[in-house]
Amino acid sequence: MTPIQIGVTFGGIALSLLIVWFFWLAPKGQTRVSAGTSGVQEVAITVKGGYTPDIIVVKAGQPLRMRFTRQESSSCSEMVLFPDFNQSAKLPEGQEVSVEFTPDKPGEYGFQCQMGMLRGKLIVE
Amino acid sequence: MVKDPVCDMEVDPSKAFATREHMGQMFYFCSENCVNKFDKDPYQFVHLDGEHAASATTGFNPDSKLLQVELPILGLVKDGHPGGQMIRSTLEKTPGIGRVIANPIEGNIVVDYDPRKIQILDIVHAIHKTGYQVGGAQKRIGIDNIRCASCVGLIENELKTTPGVLNASINLATQEATVDYIPDQISLGQLNKAIEYWGYKTRSAVSEEPVDQQQATHEKEYQRLMKRFWVAAIISVPVLITAYPNFLPILRDWSMETLRLSWFGAALVTLPVLFWSGSDFFTGAWAALKHRAANMNTLIALGTGAAWLYSTFAILFPQIFPEGTSEPFFDVVAVVIALVVLGQALELRAKGRTSEAIKKMMGLQAKTARVIRNDIETDIPVEEVLVGDVVQVRPGEKIPVDGIIVEGSSAVDESMLTGESLPSSKKAGDEVIGATLNKTGAFKFRTTKVGKDTALAQIVKMVQDAQNSKAPIARLADTISGFFVPIVMILAVITFVIWFDFGPQPQLVYGLVTAVSVLIIACPCALGLATPMSLMVGIGKGAENGILIRSGEALQTAQVIKTVVLDKTGTITKGKPELTDIVLSLQVSMKTEELLRLAASVESVSEHPLAEAIVEGAKAKGLSLDKPDAFEAVPGYGVIAAVDGRQVVLGNLKMMNRQKVDLGELEVKSETLANEGKTPMFIAIGGKAAGIIAVADTVKEDSKEAIAVLHQMGIEVVMITGDNRRTAEAIARQVGVDRVLAEVLPEDKAHNVHLLQAEGKKVAMVGDGINDAPALAQADVGLAIGTGTDVAIEASDITLIKGSLKGVVTAIEVSRATMRNIKQNLFGAFIYNVLGVPIAMGVLFPFFGILLSPLLAGAAMAFSSVTVVSNANRLRGFRPKFSAK
């Protein structure tokens, strides 16, 4: 093997490790939602290539209102699904849509678009 | 002379400075100042006019400056007093609000407020902050040719100050006003008037229907994608030509210099393809990257981006690349983007068809209703019909909302909701369902459910929720697609390294081409689309046939059902006794009709359900009944009365013994009838035994057929009932069930279902959803037989709207067909990736010398997801065995 090939090999291994670290191992930012005076936990989520914020920490047993605003026209993100809660909502572009339910059991629940390209996580404590 | 509403000065109408029409009344003004003030906030001045008290606000007191508004609050009833208390205390603290009365029973609050200090909108906001929402209707109204931003403010204010309006906003882009209002207090006509007051014409809004809106956005998105596709496709042609000069005679003779120049051209023209046609991939990839996520966009962006960068370097600095590797491949960039964008557009088209069933259902809704208010018939939009309104329906018209007939009768075609093809006859007191079609007669009905509460709206909501739920089978695909893209990226890196280290010359080119192919061929979308698309079609198909499947999980479980437990009463049988036999005693010479007439005449004043069956039976035979005299009911025995001067005794064996009637051969006959599961009643006329009338809960016409088909499907059918064994077995023989669980107490039904499950079978329970709720919940799949409007049966996984057992067959058929389709899709998507990625990596190269071109990879990727969606669409052709049409 030439020195260039050895370099490329190590470079490839390093790049692979970087991918593993970047997508799976690095800690992700969490958004903690606290209840307002009315007792409803409320969070605004922007949908554009992903959910911002995408990891949402809420308390169990308190009503939760998530206000989604979709800022893109790609048909991928036209729905948001909470399969564990049997909830879903159509998100017309530019229009705020609320998804409301009360998470009862603590745990981690995913939410996503119809085909799972965009993903978020609801952590119930 | 009239009064200026602003300054209270007397004005001569003919000499007034200006006039305004507001809320249907003319106002005259003395000066410009006054009219300007009025225009700013007409409501402020109008309410001072006592004559307006009754217009739209309720309970107006002319002595007070306070107005009263009644606001319906969603969910107030359910939550009871605390909710009302919370809203009241919040509102009472708000300035400008006087008395607040919460009425949890009616589900509304009554607020006195000072319109100069607070607007209804603020009250609504205050309520919203407590976590409650003000119920009301929302309507979009199109406004023709509205362009100026200042007019928007004026019209918005006009609407907002109109009593009954909660909020109003105008969107200049769509030329539409969105108005939240309380339909109790203001009609659409008044809203239109408020807009027209400013000189604009109103029309119905384009984006009114949510379905149409989605269709419109889909169409727009499709056009957008197609535009991008065409640009990419047209640019691809010259780029492809320069990439393969050897295939074209003229280009073959081009010198290396000319070719290099053409490559520079290709580099430039592919830029708009990359950053305009393919801009979605790059923005999408970047957005995902910010979330530390990767998706299809990432793969396409990386693949095409790498191809373009490499090619550009290769033509700019050919000297730094080894011999023979400085050839560009701009064609990959242009063609792949064109293909993938085309694939997305086609996928969008196909996706639109998957929700056809729900569109059809929503389209069933009538647009207008002919409501009778104050003895006047008026056509109003269906959104404005209120609970308690009386609606007139003529033959051939659609019934707008749910209700109960108060006058008239007709045959109603309910096939669109229940799948039942025969029209059902309806008379006063019967339920009618919105969106069904009135066939023969005219009738009036009182509405019981409107808007979101109608059966249709609930069905649509249920179906939509189910369509978007997850089937357990999708979990695996979901887990995989979570890891999919980073793994593909790593595979691409590995591919490059292996080719670079061990591949043939030119190693760099081979490494890059294969890596790009890997990135492009991998398709996480097909995997992600596999289940939801089929669910969408399958559950919609079920709904079309009167079967409401609650969730993907229910759909998936229904296919593996091995045992179906059927409740007897109301499920296999009609649940209502009917006249079945009339036996004449050998000792009397009279016609059976006469016997029935006498018995029915006696029973016509009784309230016993068996009596009702006899009376109904007589009426069905066209017999006219007499009024009985000296009617006496003996509880536990029977009844005695006189008809036409003859004493008629009707009752059981004990009754006959009490009256000392000699039954003769009738006793044996009654035994036979009882063995058949019927309830026999003896009749004695003038002290002599005359005959037997038997009633029984009869089997539904199609139960036997449905059970036979279940057997054919390899499913064991069990009957469960609280009835005695004799009756139960008689019914079981008639319909042909395999096993009978008789004399089961209602609370033990769930336990019995559990015992069957303990035999290791997946058990479905079919019941009426009310008494059988625990058993339905215990079963792997609970199917509730509903009739009419009670579609929201909580305990069930599947609701059969049409009260027939055939629905059980169809439900299992739909489940099996859908699951088969999902498996095909998942298998296809898995196999595609499992085979496609290694081929792109070049595993075939060492053996056959075959290497996948990135162009082919792009084509494969683009059409893999289209294939999945198209396969799901095949389900639309599903026909159940018992088709209604």
Side-chain angles (χ1 to χ4, degrees), chain A residues 1-2 4-6 8-20 22-24 26-29 36-40 48-55 63 65 72-76 78-84 86-90 92-94 110 112-120, chain B residues 86 129-131 207 210 213-214 217-218 220-221 224 280 283-297 344 347-348 351 464-470 474 477-478 481-483 485-486 489-490 493-494 496-497 500-501 507 511 524-525 527-529 532-533 536 550-552 865:
Chain A
M1 270 207 267
T2 64
I4 297 177
Q5 283 175 332
I6 292 168
V8 164
T9 309
F10 279 107
I13 292 169
L15 192 57
S16 301
L17 290 177
L18 180 74
I19 292 171
V20 170
F22 184 83
F23 289 111
W24 294 322
K28 291 189 182 188
T37 47
S38 56
V40 179
K48 194 181 180 190
Y51 300 107
T52 315
D54 56 348
I55 299 185
R65 181 182 296 144
E72 60 182 357
S73 63
S74 142
S75 73
C76 270
E78 69 183 359
M79 293 205 85
V80 61
L81 312 182
F82 290 81
D84 299 304
N86 224 347
Q87 293 271 347
S88 63
K90 278 209 176 76
E93 190 184 351
Q112 56 174 95
C113 70
Q114 226 176 5
M115 38 192 221
M117 289 238 314
L118 316 185
R119 287 155 182 274
Chain B
M86 206 157 89
K129 275 193 194 140
T130 63
S207 57
Q213 195 187 343
Q214 200 196 359
T217 54
H218 270 185
K220 228 169 87 189
E221 177 71 5
R224 191 181 76 95
D280 288 355
T283 52
W286 177 242
L289 201 71
K290 279 196 291 190
H291 289 97
R292 288 180 180 272
N295 52 36
M296 180 204 83
N297 292 330
Q344 283 182 330
E347 186 188 308
L348 197 68
K351 250 180 171 175
Q464 276 180 329
D465 282 349
Q467 283 180 327
N468 293 310
S469 69
K470 270 263 145 83
D478 258 13
S481 65
F483 293 98
V485 175
M489 285 161 72
I490 292 171
V493 172
I494 293 173
F496 179 81
V497 169
F500 192 80
D501 288 352
Q507 286 167 325
C525 284
L527 219 52
L529 279 171
M533 287 300 123
M536 194 96 160
R550 267 293 165 86
S551 63
S865 41

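By convention in this document, chain letters (A, B, ...) are assigned in the order of the sequence lines, proteins followed by strands, and residues within each chain are numbered from 1.
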Crowding at CZ, Phe10(A) (>12 non-hydrogen neighbours, <6.0 Å):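 Open: at most 12 neighbouring heavy atoms sit under 6.0 Å from CZ of Phe10(A).
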
Got more than 12 heavy atoms from elsewhere within 6.0 Å of CH2, Trp24(A)?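 Buried by this count: over 12 neighbours within 6.0 Å.
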
For Asp501(B), check salt bridge (Lys or Arg N to Asp or Glu O under 4.0 Å) against everything at least two apart and list the hits.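 Counting only residues at least two positions away or on another chain, Asp501(B) forms no salt bridge (Lys or Arg N to Asp or Glu O under 4.0 Å).
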
Only counting residues at least two apart or in another chain, list the ones meeting salt bridge (Lys or Arg N to Asp or Glu O under 4.0 Å) with Arg292(B).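 Expected list: none.
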
Checking Leu348(B) against chain A: side chain, backbone, both or neither under 4.5 Å from a heavy atom?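 Just the side chain, heavy atoms under 4.5 Å.
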
Please state whether the side chain, the backbone, both or neither of Glu347(B) comes within less than 4.5 Å of a heavy atom of chain A.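 The side chain, not the backbone.
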
Interatomic distance, [X] atom [atom1] to [Y] atom [atom2] [nearest 0.5 angstrom]:
X         : Y         : atom1 : atom2 : result
Phe500(B) : Ile4(A)   : CZ    : CD1   : 6.0 Å
Phe496(B) : Leu15(A)  : CZ    : CG    : 10.5 Å
Glu221(B) : Glu93(A)  : CD    : CD    : 8.0 Å
Thr283(B) : Lys48(A)  : OG1   : NZ    : 7.0 Å
Phe23(A)  : Phe483(B) : CZ    : CZ    : 13.0 Å

Non-hydrogen atoms of Ser16(A) and Val493(B) that approach each other most closely: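 Taking Ser16(A) first and Val493(B) second, the nearest heavy atoms are OG-CG1, 3.8 Å.
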
Portion of Thr2(A) that has a non-hydrogen atom of chain B nearer than 4.5 angstrom: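 Neither part; nothing is under 4.5 Å.
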
Pick from [options] with the largest number of heavy-atom pairs that fall under 4.5 Å of chain A:
options                                    : result
Pro486(B), Ala287(B), Gly284(B)            : Pro486(B)
Asn297(B), Leu289(B), Ile490(B)            : Ile490(B)
Ser865(B), Ala474(B), Pro524(B), Ala293(B) : Ala293(B)

Contact leader toward chain B among Ile13(A), Ile19(A), Ile6(A), where contacts are heavy-atom pairs under 4.5 Å: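 When all of Ile13(A), Ile19(A), Ile6(A) are compared, Ile19(A) has the most.
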
For the candidates Pro53(A), Ala26(A), Gly11(A), which exhibits the highest count of non-hydrogen atom pairs separated by less than 4.5 Å from chain B?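 Heavy-atom pair counts peak at Ala26(A).
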
Distance-only, no hydrogens or angles: does the His291(B) side chain make a donor-acceptor pair with backbone N or O of Tyr51(A) under 3.5 Å?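 Yes.
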
